[in-house]
Amino acid sequence: MASPADGPWAGDPLASLVRLAVDDDDSGGLVAAAAAELGGPLGLVALTGEALAHAPDDAGGRRALALAGAVARRAGTSLPAGWRVLAVAPRHARRALLAVGTDDADEGAAPLLDVIVALLGEQLLRAGLRRGQTAALLRRLLSEPGMGAERARGEAAAIGLTLPDTSWAAVVAWRAGAPDPAHLDAIDREARRLAPGSLTATVGGRLVLLHPAGEPAADVAAWVERVVARARILAPCADARAVAGDEPVALGELGGHVTRLVRLCGCVMRSEPPRTVVRARRYALEGLLRDSVAPAQARVFVDDLLGALIAWDRDHRADLLRVLEAALDNPRQDLAAQRCFMHRNTFRHRLHKAHEVLGDDLADAEMRLAVHVALKLRRATAGAPRGGSAAGRRTAAAPRRGEPFASAPTPRSRPAGAR
């Protein structure tokens, strides 16, 4: 970016500041030029306390940012002598706070400061409108069946936006409900700040992240991790989680790809152990089972393979299903026990009980796979409505003699020679 002293605007500070405000939506350049003209540090923050820009990049600029942030968070900080915090309020809508460290004796600074505040307000307003236009276009691209790649490119060009041919996609969802609009906007801005050139949009309360293809997959994955980490700091109660795509997809295929990621968000919310960012392929099996198996068939299959264990857990308020799934997911029992927050001996005892109640020989590879798939199918269809008892539902095995519980249903009879 050209400095205020460059080009035809040299010698006219006001015209240079106007040019910076009009030509760029990034407040950093305008704040830097304004700090140079005023001869003092500036710090600009959003009303959530999120840092937007500061200058110069030294202790004074960072102090200005901290003071503005303290006022935004209503921390009760008394301002030191020579400091002011001004509301940046474009068209009567308070959007940001500007901390200014100037010499009160400099009477010429006041008119220029008023102009700077006004320019920052209009710049923030225009940037917000442009973000709104971009987000609306992306929502239509991701949800409208008739929005093809060429049409999307044409509409993007009309608002000064260039859409990449291929993009990595991720979806950030909220386990405990979406953040309020101010925090969601802060997370959105942080995502774009961490990866210049990225695009974001809120669709159905979830934040869709799009990163242009061309960078290594590891760098894109690190970006998604950082966005989720920041979201968990900015809105800790929302409990952000994300599902990330496994490869970049073409512009015209983004809608279907993001729809698939959104469907997988439920899987990451139920993941064991809890995960904050998961690749889509991690839930390929659950996604396939959920999308291709009819709910009635799924219930029959799950009840046939796991009915005894489901009934046992319900009647005894136990967690043998969780223990069995952890054991099948982790060949090492010590890791499976850690996942269940159990001592290894406790885990081993409950796993033995799960095998006994189930009544199947899990040393048999086909039976072990069938039970494992049933556990995943049960998780994938957890929200599906249930009818009455399915035909073929299995019951729990009888307890061994001398065990403390009183009674349990008898196991299902098996044909001779059946596994």
Do [X] and [Y] have side chains that approach each other closer than 4.5 Å (heavy atoms only, starting at C-beta)?
{"X": "L324", "Y": "L358", "answer": "yes"}
{"X": "L305", "Y": "M367", "answer": "yes"}
{"X": "M147", "Y": "L142", "answer": "no"}
{"X": "L321", "Y": "R378", "answer": "yes"}
{"X": "V31", "Y": "L52", "answer": "no"}
{"X": "L199", "Y": "L161", "answer": "yes"}
{"X": "D57", "Y": "H54", "answer": "yes"}
{"X": "L113", "Y": "R84", "answer": "yes"}

Distance-only criterion, 3.5 Å: show the donor-acceptor pairs between side-chain atoms of residues 235-255 and protein atoms not counting sequence neighbours.
{"unit_1": "D239", "atom_1": "OD1", "unit_2": "R232", "atom_2": "NH1", "d": "2.8"}
{"unit_1": "D239", "atom_1": "OD1", "unit_2": "R232", "atom_2": "NH2", "d": "3.3"}
{"unit_1": "D239", "atom_1": "OD1", "unit_2": "R241", "atom_2": "NE", "d": "3.3"}
{"unit_1": "D239", "atom_1": "OD2", "unit_2": "R241", "atom_2": "NH2", "d": "3.2"}
{"unit_1": "R241", "atom_1": "NH1", "unit_2": "V268", "atom_2": "O", "d": "3.4"}
{"unit_1": "D246", "atom_1": "OD1", "unit_2": "R281", "atom_2": "N", "d": "3.3"}
{"unit_1": "D246", "atom_1": "OD2", "unit_2": "R281", "atom_2": "N", "d": "3.0"}

Taking [X] for the side chain and [Y] for the main chain, is one N or O donor matched with an acceptor at less than 3.5 Å?
{"X": "Q123", "Y": "D24", "answer": "yes"}
{"X": "R350", "Y": "L320", "answer": "no"}
{"X": "D364", "Y": "E366", "answer": "yes"}
{"X": "D319", "Y": "R322", "answer": "no"}

Report the distance from atom [atom1] of [X] to atom [atom2] of [Y], rounding to the nearest 0.5 Å.
{"X": "L67", "Y": "L98", "atom1": "CG", "atom2": "CG", "value": "11.5 Å"}
{"X": "R153", "Y": "L141", "atom1": "CZ", "atom2": "CG", "value": "10.0 Å"}
{"X": "C265", "Y": "R175", "atom1": "SG", "atom2": "CZ", "value": "13.5 Å"}
{"X": "L38", "Y": "I116", "atom1": "CG", "atom2": "CD1", "value": "4.0 Å"}
{"X": "Q333", "Y": "N345", "atom1": "CD", "atom2": "CG", "value": "10.0 Å"}
{"X": "Q133", "Y": "I159", "atom1": "CD", "atom2": "CD1", "value": "5.0 Å"}

Taking all heavy atoms of [X] and all of [Y], pick out the closest pair and write down the distance.
{"X": "A68", "Y": "A99", "result": "CB-CB, 3.7 Å"}
{"X": "S27", "Y": "L124", "result": "OG-CD2, 3.6 Å"}
{"X": "G61", "Y": "P41", "result": "N-CB, 3.8 Å"}
{"X": "A169", "Y": "L261", "result": "O-CD1, 3.7 Å"}
{"X": "R95", "Y": "G128", "result": "NH2-CA, 4.1 Å"}
{"X": "L163", "Y": "A152", "result": "CD1-O, 3.6 Å"}

Item to check | Neighbour count above 12 (heavy atom, 6.0 Å) for R263 CZ | outcome: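 Count over threshold, so yes.
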
Item to check | Greater than 12 external heavy atoms within 6.0 Å of R344's CZ | outcome: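 Counting neighbours around CZ of R344, 12 or fewer heavy atoms of other residues, nucleotides or ligands fall under 6.0 Å, so no.
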
Quick one: side chain to side chain donor-acceptor pair (under 3.5 Å) partners of [X], sequence neighbours excluded?
{"X": "R317", "answer": "none"}
{"X": "R230", "answer": "E190"}
{"X": "H183", "answer": "D180"}

Quick one: salt bridge (charged side-chain N to carboxylate O under 4.0 Å, His left out) partners of [X], sequence neighbours excluded?
{"X": "D58", "answer": "none"}
{"X": "R130", "answer": "D25"}
{"X": "D114", "answer": "none"}
{"X": "D219", "answer": "none"}

What residue pairs, at least two apart or across chains, pass ring-ring contact (aromatic ring centres under 6.0 Å, His included) with a residue in [range]?
{"range": "residues 203-237", "answer": "H211-W223"}
{"range": "residues 129-162", "answer": "none"}
{"range": "residues 131-177", "answer": "none"}

Next on the checklist: If you apply the rule side-chain contact (heavy atoms from CB on, under 4.5 Å), what do you find for R332 with Q338, and how did you get there?
Outcome noted: CA-CA 10 Å; R332 287 180 51 182; Q338 289 177 21; over 6 Å; no

Next on the checklist: Between K353 and V323, is the side-chain contact (heavy atoms from CB on, under 4.5 Å) condition met? List the steps.
Outcome noted: CA-CA 10 Å; K353 175 56 64 180; V323 167; over 6 Å; no

Checklist entry - Which pairs with one or both residues in residues 133-147 pass salt bridge (charged side-chain N to carboxylate O under 4.0 Å, His left out), sequence neighbours excluded? => result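 Checked against salt bridge (charged side-chain N to carboxylate O under 4.0 Å, His left out) - neighbours excluded - the pairs reaching residues 133-147 are R140-E144, R140-E155.
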
Next on the checklist: Could you walk me through whether L375 and D329 satisfy the side-chain contact (heavy atoms from CB on, under 4.5 Å) test, starting with their C-alpha distance in whole Å, then the side-chain angles of each, then the deciding distance to 0.1 Å, before giving a yes or no?
Outcome noted: CA-CA 10 Å; L375 287 163; D329 286 347; over 6 Å; no

Item to check | Ion pair R193/D26, N-O distance below 4.0 Å | outcome: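 No salt bridge links R193 with D26.
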
Next on the checklist: Between D303 and R299, does any side-chain N to carboxylate O distance fall below 4.0 Å?
Outcome noted: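 The answer is no: the pair does not qualify as a salt bridge.
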
Next on the checklist: Between L184 and T202, does the side-chain contact (heavy atoms from CB on, under 4.5 Å) criterion hold? Intermediate values first, please.
Outcome noted: CA-CA 9 Å; L184 190 57; T202 302; 3.8 Å; yes

